[in-house]
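Heads up: the structure comes next, in C-alpha coordinates.
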Amino acid sequence: MMKLTDEQQAILDGAQGEVLAKVMKTLVMYGETFGAEKMVPVTSKYNHLVTSFGLKMLGPVYELMDKLIEAGAVSQQKFSVDPRPVDKNVPANFLQNLIFNKIMYSKQDFYEEQLNKLGLMEKDAFTCACYLDEVGNVPKKGEVLSWAESSAVVYANSVLGARCNRNSGIMDIMGSVVGYVPYFGLLTDEGRKATWVIRIETEKKPEAQLLGSAIGMKVMEDVPYVFGLDKWLGTELDEAACSYLKDFGAATASNGAVGLYHIDNLTPEAKELGEELIAQDANVYVIDDAELERVKNNYPIMWKDKDAKPKLCFMGCPHMSLEQLKTWTDRVEAGLKEAGNNKVVIPTVFTASKPVLREFEKTEYAERLKKTGVITSYICPLMYMNNPLCGKMPVITSSNKLRTYTTSRYYTDDEILVQITKGGK
Ligand code: F3S
(Lines give C-alpha, C1' and ligand atoms only; values in the text may rest on other atoms or scores of the structure.)
Protein backbone atom coordinates (compact mmCIF):
# COMPACT_ATOMS: atom_id res chain seq x y z
CA MET A 1 0.00 0.00 0.00
CA MET A 2 1.16 3.47 -0.77
CA LYS A 3 1.94 5.83 2.10
CA LEU A 4 0.59 9.31 1.43
CA THR A 5 1.50 12.59 3.12
CA ASP A 6 -1.28 14.43 4.97
CA GLU A 7 -1.70 16.79 2.04
CA GLN A 8 -1.91 14.00 -0.50
CA GLN A 9 -4.38 12.12 1.70
CA ALA A 10 -6.50 15.24 2.01
CA ILE A 11 -6.68 15.60 -1.77
CA LEU A 12 -7.66 11.94 -1.99
CA ASP A 13 -10.35 12.52 0.63
CA GLY A 14 -11.84 15.34 -1.40
CA ALA A 15 -10.51 18.43 0.39
CA GLN A 16 -9.88 20.05 -2.99
CA GLY A 17 -13.03 18.78 -4.65
CA GLU A 18 -14.37 15.63 -6.15
CA VAL A 19 -12.56 15.92 -9.48
CA LEU A 20 -9.09 16.24 -7.93
CA ALA A 21 -9.92 13.38 -5.54
CA LYS A 22 -10.65 11.16 -8.54
CA VAL A 23 -7.47 12.23 -10.27
CA MET A 24 -5.46 11.45 -7.13
CA LYS A 25 -7.16 8.08 -6.81
CA THR A 26 -6.23 7.21 -10.38
CA LEU A 27 -2.59 8.14 -9.74
CA VAL A 28 -2.48 6.11 -6.54
CA MET A 29 -3.88 3.06 -8.33
CA TYR A 30 -1.38 3.57 -11.16
CA GLY A 31 1.49 3.74 -8.66
CA GLU A 32 0.34 0.73 -6.68
CA THR A 33 0.22 -1.33 -9.87
CA PHE A 34 3.95 -0.68 -10.22
CA GLY A 35 4.76 -1.16 -6.53
CA ALA A 36 5.25 2.53 -5.72
CA GLU A 37 5.31 3.25 -1.99
CA LYS A 38 4.93 7.00 -2.17
CA MET A 39 4.08 9.97 -4.36
CA VAL A 40 6.66 12.66 -5.07
CA PRO A 41 6.16 16.26 -6.25
CA VAL A 42 6.42 17.11 -9.92
CA THR A 43 9.22 19.70 -9.94
CA SER A 44 9.73 20.77 -13.56
CA LYS A 45 8.65 24.24 -14.63
CA TYR A 46 6.58 22.99 -17.57
CA ASN A 47 4.70 19.83 -18.41
CA HIS A 48 4.32 18.15 -21.79
CA LEU A 49 1.17 16.43 -23.05
CA VAL A 50 1.08 13.69 -25.64
CA THR A 51 -2.50 14.09 -26.85
CA SER A 52 -2.41 16.83 -29.46
CA PHE A 53 -5.08 15.82 -31.90
CA GLY A 54 -8.77 16.56 -31.99
CA LEU A 55 -9.73 13.08 -33.12
CA LYS A 56 -13.49 12.74 -33.24
CA MET A 57 -13.56 9.49 -31.29
CA LEU A 58 -11.69 10.90 -28.31
CA GLY A 59 -14.94 11.99 -26.64
CA PRO A 60 -13.97 10.76 -23.15
CA VAL A 61 -10.78 12.86 -23.27
CA TYR A 62 -12.73 16.03 -24.04
CA GLU A 63 -15.18 15.22 -21.28
CA LEU A 64 -12.39 14.78 -18.78
CA MET A 65 -10.76 18.01 -19.92
CA ASP A 66 -14.07 19.83 -19.51
CA LYS A 67 -14.48 18.44 -16.01
CA LEU A 68 -10.99 19.58 -15.04
CA ILE A 69 -11.57 23.05 -16.46
CA GLU A 70 -15.02 23.39 -14.86
CA ALA A 71 -13.70 22.28 -11.49
CA GLY A 72 -10.85 24.78 -11.77
CA ALA A 73 -8.52 21.79 -11.48
CA VAL A 74 -6.07 23.23 -13.94
CA SER A 75 -2.40 22.60 -13.53
CA GLN A 76 0.00 25.07 -11.97
CA GLN A 77 2.32 24.10 -14.79
CA LYS A 78 1.94 25.43 -18.30
CA PHE A 79 2.66 22.81 -20.92
CA SER A 80 3.72 22.06 -24.46
CA VAL A 81 1.93 19.38 -26.44
CA ASP A 82 2.72 16.97 -29.30
CA PRO A 83 2.54 18.23 -32.90
CA ARG A 84 -0.67 19.13 -34.68
CA PRO A 85 -2.03 16.49 -37.05
CA VAL A 86 -2.77 18.67 -40.08
CA ASP A 87 -1.04 21.42 -42.00
CA LYS A 88 -2.14 22.72 -45.37
CA ASN A 89 1.51 23.02 -46.47
CA VAL A 90 1.79 19.24 -46.64
CA PRO A 91 0.68 17.80 -49.97
CA ALA A 92 -2.74 16.17 -49.74
CA ASN A 93 -5.41 15.62 -52.33
CA PHE A 94 -9.04 16.73 -52.09
CA LEU A 95 -10.23 13.47 -50.54
CA GLN A 96 -7.41 13.39 -48.00
CA ASN A 97 -8.14 16.97 -46.98
CA LEU A 98 -11.79 16.13 -46.60
CA ILE A 99 -10.98 13.15 -44.39
CA PHE A 100 -8.49 15.11 -42.27
CA ASN A 101 -10.55 18.21 -41.66
CA LYS A 102 -14.14 17.07 -41.73
CA ILE A 103 -13.96 13.51 -40.44
CA MET A 104 -10.84 12.58 -38.50
CA TYR A 105 -9.70 15.79 -36.87
CA SER A 106 -12.98 17.69 -36.86
CA LYS A 107 -12.61 18.41 -33.14
CA GLN A 108 -9.18 20.03 -33.52
CA ASP A 109 -10.24 23.64 -32.90
CA PHE A 110 -12.44 22.64 -29.99
CA TYR A 111 -9.65 20.62 -28.40
CA GLU A 112 -7.09 23.39 -28.87
CA GLU A 113 -9.47 25.73 -27.11
CA GLN A 114 -9.53 23.31 -24.18
CA LEU A 115 -5.74 23.10 -24.18
CA ASN A 116 -5.55 26.88 -24.02
CA LYS A 117 -7.84 26.94 -21.01
CA LEU A 118 -5.80 24.24 -19.32
CA GLY A 119 -2.55 26.19 -19.77
CA LEU A 120 -0.74 25.78 -23.08
CA MET A 121 2.73 27.48 -22.85
CA GLU A 122 2.18 29.46 -26.04
CA LYS A 123 0.00 28.95 -29.07
CA ASP A 124 2.79 27.33 -31.07
CA ALA A 125 4.05 24.96 -28.41
CA PHE A 126 2.94 21.95 -30.48
CA THR A 127 5.94 19.65 -30.90
CA CYS A 128 7.35 16.38 -29.61
CA ALA A 129 10.81 18.03 -29.45
CA CYS A 130 9.65 20.44 -26.75
CA TYR A 131 13.04 20.17 -25.01
CA LEU A 132 14.83 22.17 -27.73
CA ASP A 133 15.91 25.65 -26.61
CA GLU A 134 13.72 27.42 -29.17
CA VAL A 135 10.61 25.86 -27.63
CA GLY A 136 11.85 26.32 -24.11
CA ASN A 137 10.43 23.34 -22.22
CA VAL A 138 13.87 22.19 -21.08
CA PRO A 139 13.80 20.31 -17.77
CA LYS A 140 16.85 20.46 -15.55
CA LYS A 141 18.87 17.56 -14.21
CA GLY A 142 17.09 15.79 -11.37
CA GLU A 143 13.70 17.42 -11.96
CA VAL A 144 10.67 15.15 -11.75
CA LEU A 145 8.31 15.19 -14.75
CA SER A 146 4.87 13.91 -15.62
CA TRP A 147 5.33 13.41 -19.37
CA ALA A 148 4.13 10.64 -21.66
CA GLU A 149 5.49 11.26 -25.18
CA SER A 150 8.01 8.42 -25.43
CA SER A 151 10.58 10.25 -27.58
CA ALA A 152 10.52 13.24 -25.21
CA VAL A 153 10.65 11.10 -22.06
CA VAL A 154 13.74 9.22 -23.23
CA TYR A 155 15.47 12.49 -24.21
CA ALA A 156 14.62 14.22 -20.93
CA ASN A 157 15.83 11.25 -18.88
CA SER A 158 18.96 10.48 -20.85
CA VAL A 159 20.30 13.73 -22.31
CA LEU A 160 18.97 16.16 -19.68
CA GLY A 161 19.13 13.89 -16.64
CA ALA A 162 15.54 14.64 -15.59
CA ARG A 163 13.40 11.91 -14.04
CA CYS A 164 10.25 10.64 -15.70
CA ASN A 165 8.51 7.32 -16.21
CA ARG A 166 7.05 6.30 -19.54
CA ASN A 167 3.56 7.35 -18.52
CA SER A 168 0.54 6.96 -20.73
CA GLY A 169 -1.44 9.80 -22.27
CA ILE A 170 -3.92 11.46 -19.84
CA MET A 171 -1.83 10.18 -16.95
CA ASP A 172 0.54 12.99 -17.96
CA ILE A 173 -2.15 15.64 -17.35
CA MET A 174 -3.25 14.00 -14.12
CA GLY A 175 0.21 14.08 -12.53
CA SER A 176 0.56 17.70 -13.50
CA VAL A 177 -2.86 18.76 -12.24
CA VAL A 178 -2.37 17.13 -8.84
CA GLY A 179 1.32 18.01 -8.74
CA TYR A 180 2.46 14.53 -7.69
CA VAL A 181 3.53 11.34 -9.46
CA PRO A 182 4.06 7.85 -8.04
CA TYR A 183 7.66 7.09 -7.18
CA PHE A 184 8.88 4.02 -9.03
CA GLY A 185 10.95 2.92 -12.03
CA LEU A 186 12.95 5.66 -13.70
CA LEU A 187 12.35 8.09 -10.84
CA THR A 188 14.50 5.95 -8.53
CA ASP A 189 18.30 5.55 -8.50
CA GLU A 190 17.90 1.80 -8.68
CA GLY A 191 15.56 2.02 -11.67
CA ARG A 192 18.12 4.13 -13.53
CA LYS A 193 20.78 1.44 -13.43
CA ALA A 194 21.69 -0.24 -16.69
CA THR A 195 20.94 -3.93 -17.06
CA TRP A 196 22.47 -4.00 -20.53
CA VAL A 197 25.99 -3.11 -21.68
CA ILE A 198 26.15 -2.17 -25.35
CA ARG A 199 29.50 -2.18 -27.11
CA ILE A 200 29.69 -0.26 -30.38
CA GLU A 201 32.34 -1.75 -32.66
CA THR A 202 31.40 -0.25 -36.02
CA GLU A 203 33.94 0.95 -38.59
CA LYS A 204 31.84 4.01 -39.44
CA LYS A 205 29.58 6.31 -37.44
CA PRO A 206 26.41 4.30 -36.84
CA GLU A 207 23.19 5.70 -38.24
CA ALA A 208 21.35 7.14 -35.20
CA GLN A 209 17.95 5.73 -36.06
CA LEU A 210 19.31 2.31 -36.97
CA LEU A 211 21.45 1.99 -33.87
CA GLY A 212 18.54 3.05 -31.68
CA SER A 213 16.33 0.51 -33.38
CA ALA A 214 18.83 -2.33 -32.87
CA ILE A 215 19.25 -1.47 -29.19
CA GLY A 216 15.53 -0.96 -28.61
CA MET A 217 14.62 -4.30 -30.12
CA LYS A 218 17.26 -6.04 -28.02
CA VAL A 219 16.79 -4.47 -24.58
CA MET A 220 13.06 -3.64 -24.85
CA GLU A 221 12.13 -1.65 -21.70
CA ASP A 222 15.49 -2.05 -19.96
CA VAL A 223 18.18 0.59 -19.49
CA PRO A 224 21.26 0.26 -21.75
CA TYR A 225 24.73 1.68 -21.00
CA VAL A 226 26.47 2.32 -24.32
CA PHE A 227 30.26 2.16 -24.76
CA GLY A 228 32.04 3.34 -27.89
CA LEU A 229 29.62 5.99 -29.10
CA ASP A 230 31.73 8.84 -27.71
CA LYS A 231 34.29 7.91 -30.40
CA TRP A 232 31.75 9.17 -32.97
CA LEU A 233 29.87 11.84 -31.03
CA GLY A 234 32.64 13.30 -28.87
CA THR A 235 32.39 13.90 -25.16
CA GLU A 236 30.36 17.13 -25.17
CA LEU A 237 26.63 17.49 -25.67
CA ASP A 238 26.93 19.96 -28.54
CA GLU A 239 24.13 20.61 -31.03
CA ALA A 240 25.14 17.79 -33.36
CA ALA A 241 25.40 15.26 -30.52
CA CYS A 242 22.01 16.33 -29.13
CA SER A 243 20.36 15.99 -32.55
CA TYR A 244 21.88 12.53 -32.92
CA LEU A 245 20.73 11.45 -29.47
CA LYS A 246 17.24 12.83 -30.13
CA ASP A 247 16.84 10.52 -33.13
CA PHE A 248 18.69 7.63 -31.54
CA GLY A 249 16.53 7.80 -28.42
CA ALA A 250 13.25 8.00 -30.32
CA ALA A 251 14.20 4.81 -32.14
CA THR A 252 15.09 3.01 -28.89
CA ALA A 253 11.76 4.12 -27.43
CA SER A 254 9.61 3.10 -30.40
CA ASN A 255 11.37 -0.01 -31.67
CA GLY A 256 11.64 -1.12 -28.06
CA ALA A 257 10.29 0.65 -24.99
CA VAL A 258 13.44 2.31 -23.69
CA GLY A 259 12.85 5.25 -21.33
CA LEU A 260 16.48 5.95 -20.42
CA TYR A 261 19.92 5.20 -21.83
CA HIS A 262 23.39 6.16 -20.71
CA ILE A 263 26.18 7.00 -23.17
CA ASP A 264 29.64 6.52 -21.69
CA ASN A 265 31.56 9.82 -21.37
CA LEU A 266 28.68 11.84 -22.80
CA THR A 267 25.28 11.84 -21.06
CA PRO A 268 25.14 13.55 -17.65
CA GLU A 269 24.70 10.57 -15.35
CA ALA A 270 27.27 8.49 -17.25
CA LYS A 271 29.74 11.37 -16.94
CA GLU A 272 29.06 11.66 -13.24
CA LEU A 273 28.81 8.03 -12.16
CA GLY A 274 30.35 6.04 -15.03
CA GLU A 275 30.30 2.29 -14.64
CA GLU A 276 28.67 2.55 -11.20
CA LEU A 277 25.47 2.83 -13.22
CA ILE A 278 25.80 -0.70 -14.52
CA ALA A 279 23.89 -3.33 -12.56
CA GLN A 280 25.55 -6.59 -11.61
CA ASP A 281 25.29 -9.36 -14.20
CA ALA A 282 24.24 -6.96 -16.93
CA ASN A 283 23.69 -8.53 -20.35
CA VAL A 284 26.02 -7.62 -23.19
CA TYR A 285 25.17 -6.75 -26.81
CA VAL A 286 27.94 -6.08 -29.31
CA ILE A 287 27.03 -4.04 -32.37
CA ASP A 288 29.13 -3.91 -35.53
CA ASP A 289 28.30 -2.80 -39.08
CA ALA A 290 27.11 -6.28 -40.02
CA GLU A 291 24.67 -6.33 -37.11
CA LEU A 292 23.18 -3.00 -38.16
CA GLU A 293 22.86 -4.28 -41.71
CA ARG A 294 21.11 -7.40 -40.42
CA VAL A 295 18.64 -5.31 -38.41
CA LYS A 296 17.89 -3.08 -41.39
CA ASN A 297 17.40 -5.98 -43.77
CA ASN A 298 14.86 -7.51 -41.43
CA TYR A 299 12.45 -4.57 -41.56
CA PRO A 300 9.28 -5.68 -43.31
CA ILE A 301 8.30 -3.70 -46.42
CA MET A 302 4.66 -2.75 -46.01
CA TRP A 303 4.09 -1.27 -49.45
CA LYS A 304 1.64 -3.11 -51.69
CA ASP A 305 3.94 -2.65 -54.66
CA LYS A 306 7.48 -3.00 -53.39
CA ASP A 307 8.85 -1.32 -56.53
CA ALA A 308 6.52 1.68 -56.41
CA LYS A 309 8.01 5.11 -56.93
CA PRO A 310 7.91 6.99 -53.62
CA LYS A 311 5.21 9.65 -53.55
CA LEU A 312 6.34 11.47 -50.43
CA CYS A 313 9.35 11.71 -48.14
CA PHE A 314 9.03 12.66 -44.47
CA MET A 315 12.02 13.77 -42.42
CA GLY A 316 11.74 14.97 -38.85
CA CYS A 317 10.12 12.39 -36.64
CA PRO A 318 10.90 13.46 -33.93
CA HIS A 319 10.82 17.08 -35.07
CA MET A 320 14.08 18.37 -36.52
CA SER A 321 16.42 20.69 -34.67
CA LEU A 322 17.71 23.96 -36.11
CA GLU A 323 21.08 22.30 -36.58
CA GLN A 324 19.49 19.49 -38.60
CA LEU A 325 17.55 21.89 -40.81
CA LYS A 326 20.77 23.72 -41.64
CA THR A 327 22.84 20.57 -42.19
CA TRP A 328 20.14 19.09 -44.41
CA THR A 329 19.92 22.27 -46.47
CA ASP A 330 23.62 21.89 -47.26
CA ARG A 331 23.20 18.19 -48.00
CA VAL A 332 20.19 18.59 -50.29
CA GLU A 333 21.89 21.40 -52.22
CA ALA A 334 25.05 19.34 -52.68
CA GLY A 335 23.03 16.25 -53.68
CA LEU A 336 21.05 18.20 -56.27
CA LYS A 337 24.20 19.71 -57.71
CA GLU A 338 25.79 16.30 -58.06
CA ALA A 339 22.67 14.91 -59.71
CA GLY A 340 22.31 17.90 -62.02
CA ASN A 341 18.82 18.67 -60.69
CA ASN A 342 17.38 21.95 -59.44
CA LYS A 343 14.64 20.61 -57.22
CA VAL A 344 13.96 17.47 -55.23
CA VAL A 345 12.46 14.74 -57.38
CA ILE A 346 10.15 13.37 -54.66
CA PRO A 347 7.83 15.70 -52.68
CA THR A 348 9.75 16.07 -49.44
CA VAL A 349 8.59 17.45 -46.10
CA PHE A 350 10.93 18.41 -43.25
CA THR A 351 9.01 18.69 -40.00
CA ALA A 352 10.01 20.87 -37.06
CA SER A 353 8.27 22.90 -34.39
CA LYS A 354 7.03 26.37 -35.25
CA PRO A 355 9.49 28.04 -32.84
CA VAL A 356 12.40 26.21 -34.55
CA LEU A 357 11.01 27.04 -38.00
CA ARG A 358 10.73 30.69 -36.99
CA GLU A 359 14.42 30.75 -36.04
CA PHE A 360 15.27 28.92 -39.25
CA GLU A 361 13.41 31.56 -41.27
CA LYS A 362 15.76 34.18 -39.82
CA THR A 363 18.77 32.46 -41.40
CA GLU A 364 19.88 32.47 -45.03
CA TYR A 365 19.33 28.71 -45.10
CA ALA A 366 15.53 29.08 -45.25
CA GLU A 367 15.53 30.66 -48.69
CA ARG A 368 18.07 28.14 -49.93
CA LEU A 369 16.01 25.19 -48.70
CA LYS A 370 12.89 26.62 -50.33
CA LYS A 371 14.74 26.77 -53.66
CA THR A 372 15.39 23.01 -53.46
CA GLY A 373 11.64 22.40 -53.34
CA VAL A 374 11.67 20.92 -49.84
CA ILE A 375 8.58 21.87 -47.82
CA THR A 376 8.75 22.62 -44.11
CA SER A 377 5.88 21.85 -41.75
CA TYR A 378 5.00 21.57 -38.07
CA ILE A 379 2.88 18.46 -38.66
CA CYS A 380 3.28 15.03 -37.04
CA PRO A 381 3.91 12.69 -39.98
CA LEU A 382 2.42 9.80 -38.06
CA MET A 383 -0.89 11.61 -37.65
CA TYR A 384 -0.82 12.44 -41.35
CA MET A 385 -0.30 8.82 -42.33
CA ASN A 386 -2.69 7.23 -39.88
CA ASN A 387 -5.65 6.88 -42.19
CA PRO A 388 -6.43 4.39 -44.93
CA LEU A 389 -5.86 6.84 -47.79
CA CYS A 390 -2.40 7.98 -46.77
CA GLY A 391 -1.54 4.55 -45.45
CA LYS A 392 -1.62 3.24 -49.01
CA MET A 393 0.86 5.82 -50.26
CA PRO A 394 4.48 4.78 -50.83
CA VAL A 395 6.18 7.07 -48.29
CA ILE A 396 9.87 7.00 -47.45
CA THR A 397 11.51 8.20 -44.24
CA SER A 398 14.67 7.87 -42.20
CA SER A 399 12.58 7.81 -39.04
CA ASN A 400 12.43 4.44 -37.39
CA LYS A 401 9.49 5.54 -35.28
CA LEU A 402 7.48 6.40 -38.39
CA ARG A 403 8.50 3.10 -39.99
CA THR A 404 7.34 1.20 -36.93
CA TYR A 405 3.89 2.74 -36.68
CA THR A 406 2.99 3.27 -40.36
CA THR A 407 3.46 1.68 -43.78
CA SER A 408 6.35 4.04 -44.57
CA ARG A 409 9.65 2.55 -45.66
CA TYR A 410 12.91 3.18 -43.89
CA TYR A 411 16.08 4.33 -45.60
CA THR A 412 19.28 5.67 -44.07
CA ASP A 413 19.92 9.40 -44.32
CA ASP A 414 22.38 8.84 -47.19
CA GLU A 415 19.89 6.70 -49.09
CA ILE A 416 17.12 9.25 -48.56
CA LEU A 417 19.38 11.96 -49.92
CA VAL A 418 20.00 9.99 -53.10
CA GLN A 419 16.30 9.24 -53.51
CA ILE A 420 15.11 12.80 -53.13
CA THR A 421 17.87 14.44 -55.16
CA LYS A 422 18.52 11.84 -57.88
CA GLY A 423 15.60 9.43 -57.69
CA GLY A 424 15.93 5.68 -58.05
CA LYS A 425 17.09 3.28 -55.40
FE1 F3S B 1 6.98 13.37 -32.99
FE2 F3S B 1 4.89 12.55 -34.31
FE3 F3S B 1 7.21 11.43 -34.66
S4 F3S B 1 4.97 13.11 -32.20
S5 F3S B 1 8.21 11.57 -32.71
S6 F3S B 1 6.69 13.55 -35.15
S7 F3S B 1 5.29 10.38 -34.47
Side-chain angles (χ1 to χ4, degrees), residues 47-55 58 79-87 89-90 100 104-105 108 111-112 115 124-132 134-135 137 147-159 164 166-170 172 208-209 212-213 216 242-259 302 312-321 324-325 328 348-357 375-387 390-391 395-410 413 416:
N47 192 28
H48 180 80
L49 304 185
V50 72
T51 313
S52 61
F53 40 86
L55 209 54
L58 285 184
F79 53 82
S80 48
V81 59
D82 264 8
R84 289 187 169 107
V86 272
D87 175 7
N89 279 345
V90 177
F100 287 147
M104 284 185 72
Y105 301 119
Q108 189 66 24
Y111 182 58
E112 287 192 21
L115 289 175
D124 292 332
F126 284 86
T127 177
C128 43
C130 60
Y131 41 76
L132 296 177
E134 294 81 1
V135 187
N137 184 355
W147 294 8
E149 163 55 46
S150 66
S151 65
V153 167
V154 73
Y155 189 93
N157 273 322
S158 313
V159 182
C164 185
R166 279 179 57 113
N167 303 299
S168 59
I170 306 304
D172 51 6
Q209 299 258 8
S213 162
C242 288
S243 295
Y244 184 101
L245 293 178
K246 165 177 76 69
D247 292 348
F248 163 81
T252 65
S254 55
N255 287 220
V258 173
M302 310 292 282
L312 194 60
C313 169
F314 268 125
M315 299 286 284
C317 168
H319 273 175
M320 286 168 103
S321 65
Q324 285 177 309
L325 285 169
W328 270 95
T348 299
V349 182
F350 284 1
T351 61
S353 67
K354 272 199 179 178
V356 165
L357 288 172
I375 298 160
T376 55
S377 169
Y378 51 76
I379 202 174
C380 165
L382 174 60
M383 294 291 114
Y384 174 94
M385 285 194 68
N386 249 347
N387 70 77
C390 296
V395 174
I396 59 170
T397 184
S398 69
S399 162
N400 237 322
K401 180 167 180 179
L402 197 61
R403 175 196 70 78
T404 305
Y405 292 126
T406 68
T407 54
S408 64
R409 189 161 170 179
Y410 172 82
D413 283 347
I416 290 274

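As the structure is a computational prediction, the values presented were derived from the model and not from experiment. Ligands are counted one by one from 1 in listed order, and the atoms in each one are counted from 1 as well. We use all heavy atoms of the structure for the numbers below, so side chains are in, but hydrogens, waters and symmetry mates are not.
Short contacts between ligand 1 and P83, defined as distances under 4.0 Å to a heavy atom of the residue, involve ligand atoms 4 (S). Less than 4.0 angstrom separates some heavy atom of K401 from each of these atoms of ligand 1: 5 (S), 7 (S). Close contacts between ligand 1 and C128 involve ligand atoms 1 (Fe), 4 (S), 5 (S), 6 (S) [criterion: under 4.0 Å to a heavy atom]. Residue-ligand proximity, L382 to ligand 1, at heavy-atom distances under 4.0 Å covers atoms 7 (S).
Within the 2.8 Å limit, H319 places no N, O or S atom next to atom 2 (Fe) of ligand 1. Note on C317: not counted as a metal contact of atom 1 (Fe) of ligand 1, no N/O/S atom lying under 2.8 Å.
Ligand 1 is approached by P381 to a heavy-atom distance shorter than 4.0 Å.
Judged by distance alone, the side chains of S398 and D413 do bring a donor and an acceptor atom under 3.5 Å apart. S52 and D82 share no side-chain donor-acceptor pair at under 3.5 Å.
With a 4.5 Å cut-off on side-chain heavy atoms, T351 and Y384 do not count as touching. P83 has its side chain out of reach of M383: every pair of non-hydrogen atoms, C-beta onward, lies at least 4.5 Å apart.
If you take OG1 on T406 and CG on L382, they are separated by 6.5 Å, rounding to the nearest 0.5 Å. Rounded to the nearest 0.5 Å, atoms CD (Q209) and OH (Y410) are 6.0 Å apart.
Protein heavy atom in closest approach to atom 2 (Fe) of ligand 1: C380 SG, 2.4 Å.
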